[in-house]
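Each remark here refers to the structure printed beneath this line.
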Amino acid sequence: MARILITSAIPYINGIKHLGNLVGSQLPADLYARYCRARGHEVMFLCATDEHGTPAELAAAKAGKPVADYCAEMHEVQAELARGFRLSFDHFGRSSSPQNHRLTQYFAGRLAENGLIEEVSERQVYSNADGRFLPDRYIEGTCPNCGYEKARGDQCENCTKQLDPTDLIDPRSAISGSTDLEVRETKHLYLKQRSLRGDLEAWIDSKTDWPVLTTSIAKKWLNDGDGLQDRGITRDLSWGIPVKKGEADWPGMEGKVFYVWFDAPIEYIAASAEWAEKNGRPEADWRRWWRLDEGAEDVRYVQFMGKDNVPFHTLSFPATIMGSRDPWKLVDYIKSFNYLNYDGGQFSTSQGRGVFMDQALSILPADYWRWWLLSHAPESSDSEFTWENFQASVNKDLADVLGNFVSRVTKFCRSKFGEVVPEGGAYGDREQELNDDLYIRIRAYDAHMEAMEIRKAAAELRAIWVAGNEYLQSAAPWTVYKEDPDQAAAIIRFSLNLIRLYAVLSAPFIPDAAKAMMDAMGCEDDTWPAQMTHAMERLAPGQAFTTPEMPFRKISDEEREEWQARFAGQRG
RNA sequence: GGGCCUGUAGCUCAAUGGUCAGAGCAGGGCGCUCAUAACGCCUUGGUUGGGGGUUCGAGUCCCUCCGGGCCUACCA
């Protein structure tokens, strides 16, 4: 038994996430967490909402609510959706928690003590009408390079030239449209990542088993141009974690907050502290996951995220940890994902293009989405959601291969032997052969799950389901029954045990269906199969079961067409 | 502009430089009748984006061209 710490990239607070966001971090993290628990490991699976930053303030203003209220409400909305998708977080925290305030200020203090913080005075654009400093991309204007009128202050989307906000012709606020802008002097803290570059590079170089996607992004940032740059970790905002040096005030930084990307990863740690408080546990109980000097030497820490998050998890956050010169746990493995596209284009939050988490659950149960998304996870390159593919995969895999297997076995048994595991007969060569085959397949499934090769794991699981149908076809209990009812009873007893086996193996992917299958078999033993002969005798003769009606219904062509039209764009 | 990823069957994807490039779906044929017209067996289908090179041997390594995508540090 091992101890496994798992975190998913924390979703931003300003709205409901789409399926691309879900499959890029939270869902695969949940799959892995469920698998690790099923194998008997001690798991701490954490996620949270990422609540600070300019977009949160603007979204709250648009909703006409105080930002704290807005975030509290949206946190609850996201938490409810997470429950709907059966994301099995041990805790779903908030980056605005008191625990994160304390830890973020603590880390900043440690970094300052270690000489890794620099105060930099810089000039930034201030909007009088909006009463706030504007991040570069919240300033619009005409591109000096190509004349595009909606160029952003960081880059022109039309000609892709990188810009400085002061380059723009006729600059205006992207929030209010106001042209009443001025450049003001403001002081900020920079994390001196440059002086940690060597440590970071050595650490990245030691991670030879990480996905190429992860290490290539990290190396690019380490080596590109002048190499890793120092990074501003404070902002002029009202909503956020006040800048402090540990518990002490930070002279000259009054009224400023930490940059959201500084405090967000620290929330991984803080979330465990929230977990401890919520469950009435002592501090030591969460610190044993994070502090190498307080019990975390044997913890394996795995992070899940989309590729856009990689620089912050391979460089910025590790720089914070290393720079603290404290024995905090660094990540051991980063599983990163490409993007999921939607029907020939990108998912678009602003255009309402694609399927969002709430909409998905409103039309089909979580298992349908979990199965499709995980079995098509964008691991090696971007992948694409189409309704045709979704319908075909779900109908074939879940309804025909798995669901129908459960139906045909239970209904045959009910009609010939009643709703109890039948006695009589004995397992023979055919059963032994399948056991041998399943043993090999389950070991392959385990290997894929342990390596977080998600699509391969899904394919192997599906092959395990198929094996049940092959067995039934060749054993043909409906024929055997006519001559030798006892032998047919043995075949069905074996098949009912297969259902239980499938429930155990499938639970990480489709937890609700798996539970329904276990409940139907009247079984509570979900021990992961080791020796097949034992696993296939869990359901003893005489044990009652119930016959589930339609474990998975199919998606009709009409439904598919309707959804296709409904989610094409312009949400609402 | 620079960097990275990617291109394999109609579709979605596999293949430590080493049998005849494999699966699933779709298509075709046969079988079965327990089951949600489901299941099983067999089968059609490829100049691995184009071209050149290295090698006894290239989907895999190198060069080049073409197509798709991502990143490029103040959105998060």
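Below, chain A is the first sequence line, B the second, and so on; all start at residue 1.
For A:Arg137 and B:rC74, the shortest distance from a side-chain N or O to OP1 or OP2 is not below 4.0 Å. Using a 4.0 Å cut-off, no side-chain N or O of A:Tyr138 falls inside it from OP1 or OP2 of B:rA76. Side-chain N/O atoms of A:Tyr471 include none lying less than 4.0 angstrom from OP1 or OP2 on B:rC39.
Taking the P atoms as reference points, B:rU64 lies 22 Å from B:rG69, given to the whole Å. Distance noted for atom C1' between B:rC62 and B:rG68: 23 Å (whole Å). Going from the P atom of B:rA14 to that of B:rU8 covers 11 Å, rounded to whole Å. When the C1' atom is compared between B:rC66 and B:rG49, the two are found 7 Å apart, to the nearest whole Å. The same atom, C1', is picked in B:rU44 and in B:rU54; the two are 37 Å apart, to the nearest Å. Nucleotides B:rG59 and B:rG46 place their C1' atoms 11 Å apart, quoted to the nearest Å.
Every residue was checked against the ring pair (Phe, Tyr, Trp, His ring centres under 6.0 Å) condition with A:Phe412, not counting sequence neighbours, and none meets it. With sequence neighbours excluded, no residue satisfies ring pair (Phe, Tyr, Trp, His ring centres under 6.0 Å) with A:Tyr339. Evaluation of the salt bridge (charged side-chain N to carboxylate O under 4.0 Å, His left out) rule for A:Arg441 yields A:Asp437, A:Glu460 as partners, not counting sequence neighbours. Every residue meeting the ring pair (Phe, Tyr, Trp, His ring centres under 6.0 Å) condition with A:Phe262, not counting sequence neighbours, appears here in chain and number order: A:Phe258. Not counting sequence neighbours, A:Thr215 has no partner by the side chain to side chain donor-acceptor pair (under 3.5 Å) test. Every residue was checked against the side chain to side chain donor-acceptor pair (under 3.5 Å) condition with A:Asp50, not counting sequence neighbours, and none meets it.
Closest contact between the side chain of A:Ser216 and the listed nucleotides B:rC4, B:rC74, B:rG69 involves B:rC4. Taking every side-chain heavy atom of A:Trp221 into account, B:rC71 is the closest of B:rU36, B:rA76, B:rC71. Side-chain proximity of A:Gln229 to B:rA73, B:rC74, B:rC39: nearest is B:rA73.
The base of B:rC74 sits with one of its N or O atoms less than 3.5 Å from a complementary donor or acceptor on the side chain of A:Gln124. No hydrogens or angles were tested; on distance alone, nothing pairs the side chain of A:Asn404 with the base of B:rA38 as donor and acceptor under 3.5 Å. Put simply, the side chain of A:Trp261 and the base of B:rA76 share a donor and an acceptor less than 3.5 Å apart.
Base engagement by A:Lys220 is indicated by at least one non-hydrogen atom pair under 4.0 Å involving a base atom. Residue A:Glu122 is in base contact, counting any heavy-atom pair closer than 4.0 Å across all strands shown. At a threshold of 4.0 angstrom between heavy atoms, the contacts of A:Asp308 include nucleobase atoms, whether or not backbone atoms are also involved. At a threshold of 4.0 angstrom between heavy atoms, the contacts of A:Pro477 with the nucleic acid are absent. Looking at heavy-atom distances under 4.0 Å, A:Gly403 makes contact with a base. Residue A:Val310 is out of contact with every strand shown, counting any heavy-atom pair closer than 4.0 Å. Contacts of A:Gly227 with the nucleic acid, taken as non-hydrogen atoms under 4.0 Å apart, include base atoms. Counting non-hydrogen atoms under 4.0 angstrom, A:Thr54 reaches the backbone sugars and phosphates but no base. Within 4.0 Å (heavy atoms only), A:Phe552 reaches at least one base atom of the nucleic acid.
Taking a pair as Watson-Crick or G-U with both hydrogen-bonding distances under 3.5 Å, the stems of three or more pairs touching RNA chain B are B:1-7 with B:66-72, B:10-13 with B:22-25, B:27-31 with B:39-43, B:49-53 with B:61-65.
Ring planes of A:Trp387 and A:Trp563: tilted class, angle from 30 to 60°.
Each of A:Ile233, A:Leu111, A:Val120 was evaluated against A:Leu189; a single residue qualifies, A:Ile233, per the side chain to side chain contact (heavy atoms under 4.5 Å, CB included) test.
Ion pair A:Asp130/A:Arg132 not flagged as a salt bridge, since none of the NZ, NE, NH1 or NH2 atoms sits closer than 4.0 Å to an Asp/Glu carboxylate oxygen.
Mapping A:Arg235 and A:Pro551 onto RNA chain B by nearest heavy atom places A:Pro551 at the nucleotide closer to the 5' end. Nearest-nucleotide positions on RNA chain B for A:Phe405 and A:Phe312 put A:Phe405 closer to the 5' end.
Taking atom CG of residue A:Asp557 and atom P of nucleotide B:rA37, one finds them 15 Å apart after rounding to whole Å. Distance, A:Glu267 CD to B:rA76 P: 17 Å, rounded to whole Å. If you take CD1 of A:Ile10 and P of B:rA76, they are 12 Å apart, rounded to a whole angstrom.
Remark: side-chain polar atoms of A:Arg370 are paired, donor with acceptor, to backbone N or O of A:Phe509 under 3.5 angstrom.
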Quiz prompt | Base versus backbone protein contacts along nucleotides 21-34 of chain B [heavy-atom cut-off under 4.0 Å; B, S, -] | solution = ---SS-----BSSB
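Each salt bridge (charged side-chain N to carboxylate O under 4.0 Å, His left out) pair with one or both residues in residues 377-400 of chain A, not counting sequence neighbours, appears once here: A:Lys307-A:Asp382, A:Lys335-A:Glu379, A:Glu379-A:Arg455, A:Asp397-A:Arg462, A:Asp400-A:Lys554. A side-chain hydrogen bond (donor to acceptor under 3.5 Å, both in side chains) check over residues 474-494 of chain A, counting only residues at least two apart or in different chains, returns the pairs A:Arg430-A:Ser474. For residues 117-127 of chain A, the salt bridge (charged side-chain N to carboxylate O under 4.0 Å, His left out) pairs, not counting sequence neighbours, are A:Glu119-A:Lys187, A:Arg123-A:Glu185.
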Can you give me the N/O atom pairs linking the protein to nucleotides 12-15 of chain B at distances under 3.5 Å, or say none if there are none?
| unit_1 | atom_1 | unit_2 | atom_2 | d |
| --- | --- | --- | --- | --- |
| B:rC13 | O3' | A:Arg455 | NH2 | 3.2 |
| B:rA14 | OP1 | A:Ser380 | OG | 2.6 |
| B:rA14 | OP1 | A:Arg455 | NH2 | 2.2 |
| B:rA15 | OP1 | A:Lys456 | NZ | 3.0 |

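Looking only at side-chain heavy atoms (C-beta outward), A:Leu213 and A:Phe337 stay at 4.5 Å or farther from each other.
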